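Predicted, not measured: the structure shown is a model, and the values here were computed from it.
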Amino acid sequence: QISAAISSFDQILATDSTDFEAWFERGLLYLEEKDTAKAVQDLERSFRLQPLQLSALTLANIYAETKNARAIQLADLVISRDSTREMADPYFIKGIYYVNTGQPSKALDMFNACIRLNWKFQEAYVEKGIIYFEAGNLDEALQQFKLAATVSNTYPEAYYWQGRCYEALNMNEEALANYRRAYALDREFHEAVEGAARVEGKISK
């Protein structure tokens, strides 16, 4: 009942427009509704009222996906405030921004920084692997996807992309096994189903 929840926050904000938590929560609801423009508007309002790390990262993530350079500004702000130097997320977000804006070398630097801070950050291995895969470096790509699966053996993306590598290497049995593993972990993973069907066709010829 997202619409009802948004209406509730409308009432709260009509009473108190300085409630940064209400702006933040309503922004998240607009994200659920896929209304990115309204989500950003509310999240930015929340951030201006109370510049919390969570708000900054949420906004940076949205901006990275929409190729907006403010992603870098917000991620760097979080990094500058991280006195313990332990936060990997802002580096990952910067990596996504660089991927989306066609800067793979900078993206790799950010994903490597992310992994140095948190070696269990499975998404960073996968994103690195995709960069190598798209560059035609299948051996390095496969290595990264295997590392992601080692970090978490229940991460479907790691197996799907191993399947992509094996398929590109014409190792269809291995590709099929990995596509099936990805689908077994995520029944909504339609690309894995399509991959499995594709290599099954190759095997049966």
Under the side chain to side chain contact (heavy atoms under 4.5 Å, CB included) criterion, do I96 and F111 qualify, and how do the steps go? CA-CA 9 Å; I96 294 297; F111 295 137; 4.1 Å; yes
Do other residues, nucleotides or ligands put more than 12 heavy atoms under 6.0 Å from K202 NZ?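 Correct, the count exceeds 12.
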We want to know whether [X] and [Y] form a side-chain donor-acceptor pair, criterion being a heavy-atom distance below 3.5 angstrom.
| X | Y | result |
| --- | --- | --- |
| Y179 | E167 | yes |
| D16 | T18 | yes |
| S8 | D10 | no |

Evaluate the criterion salt bridge (charged side-chain N to carboxylate O under 4.0 Å, His left out) for residue pair K94 and D109; output intermediate values, then yes/no. CA-CA 10 Å; K94 290 176 72 172; D109 288 343; over 6 Å; no
Can the positive tip of R181 be found less than 6.0 Å from the middle of the six-membered ring of Y159, inside 45° of the ring normal? yes
Whether R187 engages the ring of Y183 as a cation-pi pair (distance to the six-membered ring centre under 6.0 angstrom, angle to the ring normal within 45°) should be assessed.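 Here R187 passes the 6.0 Å and 45° test against Y183.
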hydrophobic_cluster_shared for [Y] and [X], side chain cutoff 4.5 Å:
| X | Y | value |
| --- | --- | --- |
| V99 | Y132 | yes |
| W23 | L52 | yes |
| L77 | Y63 | yes |
| L59 | I72 | no |
| V40 | I2 | no |

Does the side chain of [X] reach to within under 4.5 Å of the side chain of [Y], using non-hydrogen atoms?
| X | Y | answer |
| --- | --- | --- |
| E21 | R26 | no |
| T58 | F24 | yes |
| L176 | Y166 | no |
| E25 | D42 | no |
| M110 | Y98 | yes |
| I79 | M87 | no |
| P51 | R81 | yes |
| T15 | Q11 | no |

Between [atom1] of [X] and [atom2] of [Y], what distance do you get to the nearest 0.5 Å?
| X | Y | atom1 | atom2 | value |
| --- | --- | --- | --- | --- |
| T150 | W119 | OG1 | CH2 | 9.0 Å |
| L147 | K120 | CG | NZ | 14.5 Å |
| I93 | N61 | CD1 | CG | 5.0 Å |
| L43 | K38 | CG | NZ | 14.0 Å |
| D89 | E123 | CG | CD | 9.0 Å |
| L142 | L169 | CG | CG | 7.0 Å |

Check whether any side-chain N or O of [X] sits under 3.5 Å from a backbone N or O of [Y] as a donor-acceptor pair, and report yes or no.
| X | Y | answer |
| --- | --- | --- |
| Y155 | V126 | no |
| N112 | L108 | yes |
| S46 | F20 | yes |
| T66 | I62 | yes |
| S7 | S3 | yes |
| S17 | L13 | no |
| N118 | C114 | no |

[X] versus [Y], closest heavy-atom pair with distance:
| X | Y | value |
| --- | --- | --- |
| Y125 | A148 | CB-CB, 3.8 Å |
| V78 | P90 | CG1-CG, 4.1 Å |
| G129 | F145 | C-CZ, 3.2 Å |
| A60 | A71 | O-CB, 3.4 Å |
| A141 | F133 | CB-N, 3.6 Å |
| V199 | A175 | CG1-CB, 4.0 Å |

Give a yes or no on whether the ring-centroid distance for Y160 and F189 is below 6.0 angstrom.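 For Y160 and F189, the ring centres are under 6.0 Å apart.
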Audit row: D82, T84, side chain to side chain donor-acceptor pair (under 3.5 Å) steps and yes/no: CA-CA 6 Å; D82 179 22; T84 60; 3.0 Å; yes
Evaluate E33 against I6 for side chain to side chain contact (heavy atoms under 4.5 Å, CB included), listing each step before the verdict. CA-CA 10 Å; E33 293 273 83; I6 288 173; 4.2 Å; yes
Salt bridge check: are R164 and E157 linked by an N-O gap of less than 4.0 Å? no
Pair E44 + R70, salt bridge at N-O below 4.0 Å: yes
Can you check salt bridge (charged side-chain N to carboxylate O under 4.0 Å, His left out) on E191 and R198, steps first, answer last? CA-CA 10 Å; E191 293 91 342; R198 194 169 54 243; over 6 Å; no
Go through the steps to decide whether R180 and E200 satisfy the test side chain to side chain contact (heavy atoms under 4.5 Å, CB included), and finish with yes or no. CA-CA 11 Å; R180 284 177 172 170; E200 281 176 337; 2.8 Å; yes
